[in-house]
Structures are given as structure tokens and as C-alpha cells.
Amino acid sequence: MVRTRFAPSPTGYMHIGNLRTALYAYLIAKKNNGKFLLRIEDTDQKRTVEDSVEVIYSSLSLAGISYDEGPDKDGGYGPYIQSERRDIYRKHIEELISMGKAYRCFCTKEELDRDRDEFSKRYPDKPFRDKCRDLTGSEIKAKTDQIASCVVRQRIPETGTTTFTDIVFGAITVENNTLDEQVLMKADGLPTYNFANVIDDHLMEISHVVRGYEYLSSAPKYNLLYESFGWKIPEYIHLPHIMREDGKKLSKREGDASFQDLLDLGYLPSAIINYIAMLGWNPGTEEEYFTLDDLIVKFSPERINRSNAIFTRDKLTWLNNIHIKKMPFEEFQKKASEYYPKDLSSRYDIEKIGKLIHERLETFVQIKDKTDFFLKVPDYDISLYENKKMKSDPATAKIMLEKIIPVFDTVTEWNNETVFSAMNELIQKEGCKSGAVLWPVRIALSGKLSTPGGASEIADIIGKAETAARLKAAVEKLGE
RNA sequence: GGUUCCAUCGGCUAACGGUUAGGCCACAAGGUUUUCAUCCUUGUAAUCGGGGUUCGAUUCCCCGUGGGAUCACCA
């Protein structure tokens, strides 16, 4: 049974890299008809942000990544929140100490700083070894009686090597004497991530450990722990990082986009998922559009890349347009309704407007900019009438606009077709290029260089009276 | 600095040791068009450097260079 997990710490911020880790873990589980679980790594009480578990729940839910087991969905392997598992960790740390694979350290912060400093001067190429590692039984007892709290460190073998295999990076071997003796249990009685993840992954029967690349160098130490307990070592899948354009890591402080930020910018969850799935992975074909269900079928961890990828919005934006176009119109309108300017739907046929913008939207936040001219023509410069290809300039535009006004006046049934043929009528009569009429009319009606739809489509939507008013205003503007 | 990982167009990436090194985004040009939107076509653009191994290296090995990760009572 394949079992994977996503184990975020509740910091209140779901960045793209985290989400991708969750996605890959989810895909690996689902692809193998396995289980995907959510575990909350809240062993750092200082860092835990209130309500941030909600951010995790809602992000996963919006992304469509559902878990089979989690804090609010017991699957028999709980609790799924690490701060509720203290007794489990305590039991295992005792076991490790009695096996001699871990030891208590009584050093204070100050002692540690000093000792580390001294140690690095004497042995610049060796990892720090704490003096408490060689305490005898009676010394430990004396310290225990004297000092209330202590931490527990992992004891690393002096010699030998440790090898582990990662599905992405292959076999990696390190000398044990380059590994540091990390803290497993903190003075507050909670385990560090380094200890908790091993205990929990084993107890929760995680078969494939999917996590960020930053844990790769700790993996040998985890292996040593598994070996001490005599536990089966899981498959490792370490993921390369997602970087920003300047090569730095994505960070909340620098204001880099989180999942939530991207949603706020008008990106669809399905597009974001599609995009991040391909940051570091590809199906081996030239397909680029994937739904979450497609990914479950196509995804394979063997095809994950080893190098870091840079996150840019260009391709995400392009992909978002593809996803928008694939949305059924009804669904599109429902989502778009959150973005239309106020009053737009009460004044005009919102369905016609929706059809016009559906195919030409990159993000939903563009809706306002693309539709606000329906309500009010913006203050524009008459240079917009200048277009060589369309044989239009302010002077000819004024003439054409003056001529089209009476023609439009005779149109009785007002719609896209009749308006268009009315303009065609004038074009025929004048024997001019169609752009000479179409261009200025569109500018006059919209005040914009680029609009969703052409002149007659806009005229149709805003109606005969409004069209006449706008044309008249434009002529006046051009007369100045 | 120790350990370790990575390295193909500007970005994401493809290529049993044999390809004119392919695709997508972005960019540029042209075309279609009721818009400078959409759509279509074309183009610019890459194997980090140096040594090997090999008939042949983007691919395998070594060295260098560059970048990343890690070395917390954070995860």
C-alpha cells in the first residue's frame, strides 16, 4: 500500500513550493491507489501561527487536493497533529537513549556557543561534537538531579558511511563523521522535526517520503535513526526548489506570490496546479495542458528533474488563459461575476459581455479593465484615432463619425448584424477601406485602443441611444 | 569553510552514446480579422569551460567554474 503525506508547519503561508510538494505527494498516492495524508508539524510552538491550519485546509481544498487521513479525518494512525503526540515521542526517545543511539545534553545556550566556537577553531573540518556525549552514568545522574531540563541528541557513529537512495537523486553516500549530532528532543519536551518526522512516518506507515530538497542532506541521519529502531526505510523523493527570477528562494518576506496571492491575482487553481506540476516534471510528451485527474494518470516520480526551477508568471498567465477557455460558459460567468464592475449587469446584457471576454482573458482581474468602458468612456487622447493600417486619423475619423450618426439613426432593429451592415453601407458608399469606419467607431464607443469585441459588438451591447450619445461626444471631442 | 546536489535557448523543458539539438512561454516579423484581441505562419535564441573514454559525447568519467542546499533546542 502506497501511503504518502504532506506535513506542513502551520505558518499561515502556503507558498508555491509547498503546494507542489503536496501535489506530488498526492499524485504519487493516487496514482497507486494509495492513501494521501495530512499531518501538521507544529512542534515549534514559537512559529505556530493561529488559525493557520485553516489556511492549509482551504488551500488544499481549493487546489482540489483531498486527503484521506488528517487531523479532521481520522484513519486510525492519529493523532495527526504532532503536538498531540508527545507521549509517543517520549517513549521512543527513551528507547533510543537506552540503546546508546542518543544522549542527553545539559549544556546551556552560552556553553554551547562557546564550545562550538572553540571546536570549530580546533577542528575546522569536523562537525561539532558536544562534550555531554561522553558523560558516564553517574555524571548523567548527577546532572539530572541538578538540572531540570535537557535536550537529547542523536549519537552518530564515529566511523563508516551511510548510503541512501532517492528516487530523484539516486544513491548518495556520506561519511558518518561528517554528520552532526542534531537535537532530537528539545528542552520543552517536544521533538524536533528531525526526530518527529522519522517516528511519525514510520508509525503512519508512510511508504514514500516526498519533501523539499532542503532535507536531502539530513536524510542519512534519518536513515541512521530508522536503522537504530530496526525499521523499514521508506522510498525518498526529494524535490528540487522553486526559485525566483533572481535565483533566490521564494519567500513570504520578499512578497513573493503565495498560492493565495495568485488566486487573488485572478489565477485559477487548476491553472496553478497545472503550472507547478510542470515546474520540475514533464510527462515526456509535448502535452502541456493537464487537469488534476490527468496528472494522476500521467505523473511519474522518475521523471522529476534534479535541478531547481525558476517560477515566472508568464507561462502561468498563458496557461491560465487556456484553463479559462476550457471552462464551460456558465461556470465562467459565475466566477466572472465576482469581478465585473458594479452596475454592469444591471445596465447591460452581461451574457453578451461574458461571451466577448471569455476567450480573451488571461486572468480574472483583467475583467474590470476590459469592461469598465461599457459604463463610461474613459478620458482618452484623440491620437487613438490614428492608425495607418486602418486608414484612420483624427481628421478622417471626425468625418466618418459624423456620417455614421444619421445612418445609425435609421436602424430600427438594433443588433450586431444590423449595426454592422449599417457601417458596411457607409463603407460601400464612401468606397473606403472598412477600417476607416470601423476603427474610429470602436474608439469613439470605447475610448480604448484594445477592446473585447469590435465596433458593432460594442454598439449592440450599449444600445442605440448610448451609441448615438457616444458618437456625438466623440465628434465634439474631435472638433476641439 | 566542511559535506552534498545541480548545470541544454531569456524562462519551463525534450533528446537508447549517432537528431539539421525538438516543444512550450516570452520576444520579433508576416498573414487572417469588425481591435494592436483571438487564430495561423515564420524567425531570433542553448548543450558553462578544459581534459579524457569512444569510430562518434548534450548524454559516461575527471578537473575547473558557476549556482543551490545543509552545518539551530526552525521546519
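Below, each value reflects all heavy atoms present in this structure, side chains not excepted, and no hydrogens, waters or symmetry copies. By convention in this document, chain letters (A, B, ...) are assigned in the order of the sequence lines, proteins followed by strands, and residues within each chain are numbered from 1. Since the structure is predicted, the reported quantities are computational estimates derived from the model, not experimental observations.
A salt bridge links A:Arg133 with A:Glu158: the distance from a Lys NZ or Arg NE/NH1/NH2 to an Asp or Glu carboxylate oxygen falls below 4.0 Å. In this structure, A:Lys248 does not pair ionically with A:Asp256, as no charged nitrogen and carboxylate oxygen lie closer than 4.0 Å.
In this entry B:C39 has B:G31 as its Watson-Crick or G-U wobble partner, both defining distances falling under 3.5 Å. Figure legend. B:G56 is base-paired to no nucleotide; pairs are counted as Watson-Crick or G-U wobble with both atom distances under 3.5 Å. Remark: B:G66 base-pairs with B:C6. Criterion, Watson-Crick or G-U wobble with two distances under 3.5 Å. Summarising the base pairing, B:A45 is matched to no nucleotide, lacking a Watson-Crick or G-U wobble pair whose two defining distances lie under 3.5 Å.
The side chain of A:Leu112 sits closest to B:C73 out of B:C73, B:A14, B:C25. Across B:U38, B:A14, B:C24, the shortest atom-to-atom separation from the side chain of A:Asn282 is found for B:A14. Among the nucleotides B:C12, B:C36, B:U3, the one closest to any side-chain atom of A:Asn387 is B:C36. Of the candidates B:A26, B:A14, B:C12, B:C12 carries the atom nearest the A:Ala309 side chain, counting heavy atoms from C-beta on. Ranking B:C36, B:U4, B:A75 by closeness to the A:Trp439 side chain, first place goes to B:C36. Side-chain proximity of A:Val183 to B:C73, B:C5, B:A26: nearest is B:C73. With distances taken from any side-chain atom of A:Arg153 to the nucleotides B:C5, B:C73, B:U13, the minimum falls on B:C73. In this structure, of B:A14, B:A26, B:C6, it is B:A14 that holds the atom nearest to the side chain of A:Asn305. Of the candidates B:G11, B:A75, B:G2, B:G2 carries the atom nearest the A:Asp125 side chain, counting heavy atoms from C-beta on. Candidate nucleotides B:C73, B:C5, B:U3 were compared by shortest atom distance to the side chain of A:Thr178, and B:U3 ranks first.
Residue-to-nucleotide contacts include no donor-acceptor pair under 3.5 Å from the side chain of A:Tyr215 to the base of B:A69. A donor-acceptor contact under 3.5 angstrom links the side-chain atoms of A:Ser456 to the base of B:U34.
For the pair A:Lys355 and A:Phe329, the distance from NZ or CZ to the six-membered ring centre is under 6.0 Å and the angle to the ring normal is within 45 degrees. With a 6.0 Å cutoff to the six-membered ring centre and a 45° limit on the axis angle, A:Arg116 counts as a cation-pi contact of A:Phe128.
Only one option out of A:Tyr193, A:Tyr236, A:Phe164 pairs with A:Tyr215 in a ring-ring contact (aromatic ring centres under 6.0 Å, His included); it is A:Tyr193.
Residue A:Thr43 places at least one side-chain N or O under 4.0 Å from the OP1 or OP2 atom of B:A75. In this structure, A:Lys186 reaches the B:A75 phosphate: one of its side-chain N or O atoms is under 4.0 Å from OP1 or OP2.
Atom name P, nucleotides B:U59 and B:C6: the rounded distance is 15 Å, in whole Å. The gap from the C1' atom of B:A7 to that of B:C48 amounts to 7 Å, rounded to the nearest Å. The separation of B:C71 from B:U38, taken at their P atoms, amounts to 47 Å, rounded to a whole angstrom. When the P atom is used for both B:G10 and B:U70, the distance is 28 Å, rounded to whole Å. Comparing the same atom, P, in B:C12 and in B:U4 gives a spacing of 27 Å after rounding to whole Å. B:G67 sits 15 Å from B:U8 when the P atoms are compared, rounded to a whole Å. B:C24 sits 26 Å from B:G49 when the P atoms are compared, rounded to a whole Å. Rounded to whole Å, the separation between the C1' atoms of B:C25 and B:G43 comes to 16 Å.
In this structure, A:Ser450 reaches the bases: a heavy-atom distance under 4.0 Å links it to at least one base atom across the strands shown. Residue contacts shown for A:Lys325 are limited to sugar-phosphate atoms, with no base heavy atom under 4.0 Å away. Within the 4.0 angstrom heavy-atom criterion, only backbone atoms of the sugar-phosphate kind lie near A:Arg116; the bases stay farther away. Within 4.0 Å (heavy atoms only), A:Met185 reaches no atom of the nucleic acid at all. Backbone-only engagement by A:Gly280 is indicated by non-hydrogen atom pairs under 4.0 Å involving sugar-phosphate atoms exclusively. Counting non-hydrogen atoms under 4.0 angstrom, A:Thr285 reaches nothing in the nucleic acid. Residue contacts for A:Thr451: at a heavy-atom cut-off of 4.0 Å it reaches a base atom on one of the strands shown. Residue contacts for A:Leu449: at a heavy-atom cut-off of 4.0 Å it reaches a base atom on one of the strands shown.
The interatomic distance linking A:His241 (NE2) with B:U4 (P) rounds to 19 Å, in whole Å. Rounded to whole Å, atom P of B:A37 lies 15 Å from atom CZ of A:Phe373. Here the P atom of nucleotide B:U34 and the NZ atom of A:Lys355 are 21 Å apart, to the nearest Å. Per the geometry, CZ belonging to A:Arg306 stands 6 Å off P belonging to B:C6, to the nearest Å. Atom-to-atom, CZ of A:Phe128 to P of B:U70 comes out at 21 Å; the value is rounded to the nearest Å. In this structure, OH of A:Tyr213 is placed 7 Å from P of B:C6, rounded to the nearest angstrom. Spacing between atom CZ of A:Arg211 and atom P of B:A75 amounts to 14 Å, rounded to whole angstrom units. Between A:Ile276 atom CD1 and B:C25 atom C1' there is a gap of 17 Å when expressed in whole angstrom units.
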>> Show, in sequence, the C-alpha distance, side-chain angles and deciding distance for A:Lys403 and A:Glu430, and conclude whether the salt bridge (Lys or Arg N to Asp or Glu O under 4.0 Å) test is met.
In response: CA-CA 10 Å; A:Lys403 287 188 176 172; A:Glu430 295 293 317; 3.1 Å; yes

> Do A:Arg104 and A:Glu94 pass the salt bridge (Lys or Arg N to Asp or Glu O under 4.0 Å) test, and can you show the C-alpha distance, the side-chain angles, and the key distance before you say yes or no?
Replying inline: CA-CA 10 Å; A:Arg104 291 189 176 79; A:Glu94 292 298 343; 3.6 Å; yes

> Stepwise, does the side-chain contact (heavy atoms from CB on, under 4.5 Å) test hold for A:Trp414 with A:Thr467?
Replying inline: CA-CA 11 Å; A:Trp414 189 264; A:Thr467 299; 3.4 Å; yes

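Within 6.0 Å of atom NZ in A:Lys131, more than 12 heavy atoms from other residues, nucleotides or ligands are found, so the atom counts as buried in its surroundings.
Nearest-nucleotide positions on RNA chain B for A:Ala455 and A:Glu288 put A:Glu288 closer to the 5' end. Residues A:Lys109 and A:Lys249 both approach RNA chain B. Their nearest nucleotides, taken by heavy-atom distance, put A:Lys249 toward the 5′ side.
At least one side-chain heavy atom of A:Tyr24 sits less than 4.5 Å from a side-chain heavy atom of A:Trp281.
A donor and an acceptor atom, one from each side chain of A:Tyr267 and A:Thr317, are located under 3.5 Å apart. Under the 3.5 Å distance criterion, with hydrogens and angles disregarded, no donor-acceptor pair is assigned to the side chains of A:Glu175 and A:Thr178.
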Check: protein-nucleotides 31-33 of chain B nitrogen or oxygen pairs below 3.5 Å:
{"unit_1": "B:U33", "atom_1": "O4", "unit_2": "A:Lys389", "atom_2": "NZ", "d": "3.0"}

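The aromatic ring of A:Phe420 is stacked on the base of B:U34, with the two ring centres less than 5.5 Å apart and the planes inclined by under 30°.
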